[in-house]
Amino acid sequence: MRTLWNGFKIAVSMFSRIPVPRADWNEKNMRYAFCFFPLIGAVIGAVGYGLAYLLEYLSFSPLFTAAILTAVPVLITGGIHLDGFCDTSDALSSHQPREKKLEILKDSHAGAFAIICCAVYFVLYYGAATQMTASLYAVFAPALIGARALSAFSIVHYPPAKEGLVSMFSGAAEKTAVTICAVLWFALAAALSVWLSPIVGAAVFGGMLLAYLCCVAVFFKVFGGISGDLAGWMVQVAELTAILAAVVAQGVIAVC
């Protein structure tokens with residue numbers, strides 16, 4: 001139980017700004033850390049839904065609500081996945097050999113393409129969020145869990161593109177336990193979304209799976225494996241695809 005508790009603390013402290021007691025980052029404690037990674041998505045979804053419901057009840061402007069919903073994931077995670085999104089955007093836009101792209105991933109400076117892609121990301125996310133009602137957000141929210149379940153699965157199964165935290169965590173992880181947890185998290189999240197709205201839920205998770213497969217293709221074709229930055233990029237791409245799919249599917253239902 002202590003190992004599980006320490007794994008929980010490592011996952012929460014690494015992937016969010018939620019205050020938890022400190023745990024030593026040793027091989028034993030990191031064994032089950034990624035079993036708890038999707039919980040961060042559950043927290044984001046719960047907070048986002050609560051705020052969407054409250055602001056809708058209080059008749060706030062959809063534009064203001066959209067701004068809050070766009071900020072919630074960044075505030076809770078501290079932008080750790082967005083950092084990976086920016087680094088990966090720079091690397092993909094560099095048109096350099098693989099070795100140079102991997103060096104760009106390690107560069108702490110944000111290039112022009114990182115800023116451009118980040119701006120486009122927030123415009124699209126905010127635009128989708130303006131169409132969000134509390135009930136639609138509830139259908140989308142499980143995707144925040146599913147994206148992290150896919151990330152956890154990828155980190156323990158795909159070869160690392162370079163030495164770093166991912167290779168350390170992957171080597172220490174109890175792969176069977178993490179795999180089972182990731183599959184269960186994803187299945188439960190998908191079931192909840194589809195139960196709330198069969199058509200929109202199917203669109204959300206179908207779109208997210210398609211985006212994930214595209215990201216995996218990039219992992220292997222361009223970088224030769226996965227890294228922390230690439231995993232963060234994948235989470236952001238999956239979440240953006242999910243919220244866009246939710247809005248588009250809801251719009252099609254309304255027209256039909």
Side-chain angles (χ1 to χ4, degrees), residues 37-57 59-77 79 81-82 85 117-153 182 184-216 232-256:
F37 182 27
L39 275 174
I40 309 301
V43 172
I44 297 170
V47 172
Y49 173 74
L51 289 171
Y53 182 86
L54 176 63
L55 294 173
E56 186 176 298
Y57 177 78
S59 299
F60 274 84
S61 164
L63 299 181
F64 178 74
T65 300
I68 297 298
L69 295 180
T70 301
V72 164
V74 180
L75 294 176
I76 292 178
T77 64
H81 306 308
L82 197 60
F85 176 83
C117 290
C118 189
V120 171
Y121 179 94
F122 278 119
V123 167
L124 290 174
Y125 196 102
Y126 175 79
T130 62
Q131 305 301 307
M132 277 280 160
T133 60
S135 59
L136 182 57
Y137 191 91
V139 181
F140 156 72
L144 300 166
I145 300 171
R148 286 160 179 78
L150 291 173
S151 180
F153 179 89
L184 287 176
W185 276 116
F186 187 87
L188 290 171
L192 174 59
S193 184
V194 171
W195 177 71
L196 290 170
S197 176
I199 296 176
V200 177
V204 166
F205 275 80
M208 187 167 66
L209 275 175
L210 181 60
Y212 169 70
L213 293 175
C214 291
C215 289
V216 171
W233 172 71
M234 186 275 290
V235 169
Q236 297 289 166
V237 171
E239 290 182 4
L240 179 60
T241 303
I243 195 170
L244 290 172
V247 169
V248 171
Q250 185 67 25
V252 170
I253 292 173
V255 170
C256 295

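Position 1 is the first residue of the sequence, and the numbers go up from there. Note that these values count all heavy atoms, side chains included, but never hydrogens, waters or copies made by symmetry.
The shortest heavy-atom contact between L192 and P142 is CD2-CG, 3.8 Å. In plain terms, the two heavy atoms of L69 and A52 that are nearest each other are CD2-CB, 4.1 Å. Closest non-hydrogen pair, P73 versus T77, comes out as O-OG1, 2.7 Å. The two residues S197 and V139 make their nearest non-hydrogen contact at CB-CG2, 3.8 Å. Closest heavy-atom contact between S193 and V204: OG-CB, 4.5 Å. For the pair A246 and M132, the tightest heavy-atom approach, listed with the atom from each and the gap, is CB-CE, 4.0 Å.
Side-chain contact check for I44 versus R148: some heavy-atom pair is nearer than 4.5 Å. No side-chain heavy atom of L213 sits less than 4.5 Å from a side-chain heavy atom of L209. Between F122 and L82 there is a side-chain heavy-atom pair separated by less than 4.5 Å.
For OH of Y53, the number of neighbouring non-hydrogen atoms (other residues, nucleotides, ligands) closer than 6.0 Å is 12 at most. For CD1 of I253, the number of neighbouring non-hydrogen atoms (other residues, nucleotides, ligands) closer than 6.0 Å is greater than 12.
With Y126 contributing its side chain and L63 its backbone, the two residues share a donor-acceptor pair below 3.5 Å. Between the side chain of E239 and the backbone N or O of L144 there is no donor-acceptor pair closer than 3.5 Å. Distance alone, capped at 3.5 Å, places no donor-acceptor pair between the Q236 side chain and the F85 backbone. The backbone N or O of G127 sits less than 3.5 Å from a side-chain atom of T130, completing a donor-acceptor pair. Side chain of T70 to main chain of A66: a donor-acceptor pair is present (N/O by atom type, distance under 3.5 Å, no hydrogens or angles). S151 contributes no side-chain N or O that, together with a main-chain N or O of A147, makes up a donor-acceptor pair within less than 3.5 Å.
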Residue pair T65, E56: steps toward the side-chain contact (heavy atoms from CB on, under 4.5 Å) verdict: CA-CA 8 Å; T65 300; E56 186 176 298; over 6 Å; no
side-chain contact (heavy atoms from CB on, under 4.5 Å) between T133 and Q250, intermediate numbers included: CA-CA 11 Å; T133 60; Q250 185 67 25; over 6 Å; no
side-chain contact (heavy atoms from CB on, under 4.5 Å) between T241 and L210, intermediate numbers included: CA-CA 9 Å; T241 303; L210 181 60; over 6 Å; no
Worked check of side-chain contact (heavy atoms from CB on, under 4.5 Å) between L124 and V120: CA-CA 6 Å; L124 290 174; V120 171; 4.0 Å; yes
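For F205 and F186, the distance between ring centers is under 6.0 angstrom. Centroid-to-centroid, the aromatic rings of F37 and H81 come within less than 6.0 Å. Ring centroid separation for the pair F140 and Y137 comes in under the 6.0 Å cut-off.
To the nearest 0.5 Å, atom OH of residue Y125 and atom CD1 of residue I243 are 4.0 Å apart. Interatomic distance, L39 CG to W185 CH2, rounded to the nearest 0.5 Å: 4.0 Å.
Identified under the salt bridge (Lys or Arg N to Asp or Glu O under 4.0 Å) test for residues 124-136, with sequence neighbours left out: none.
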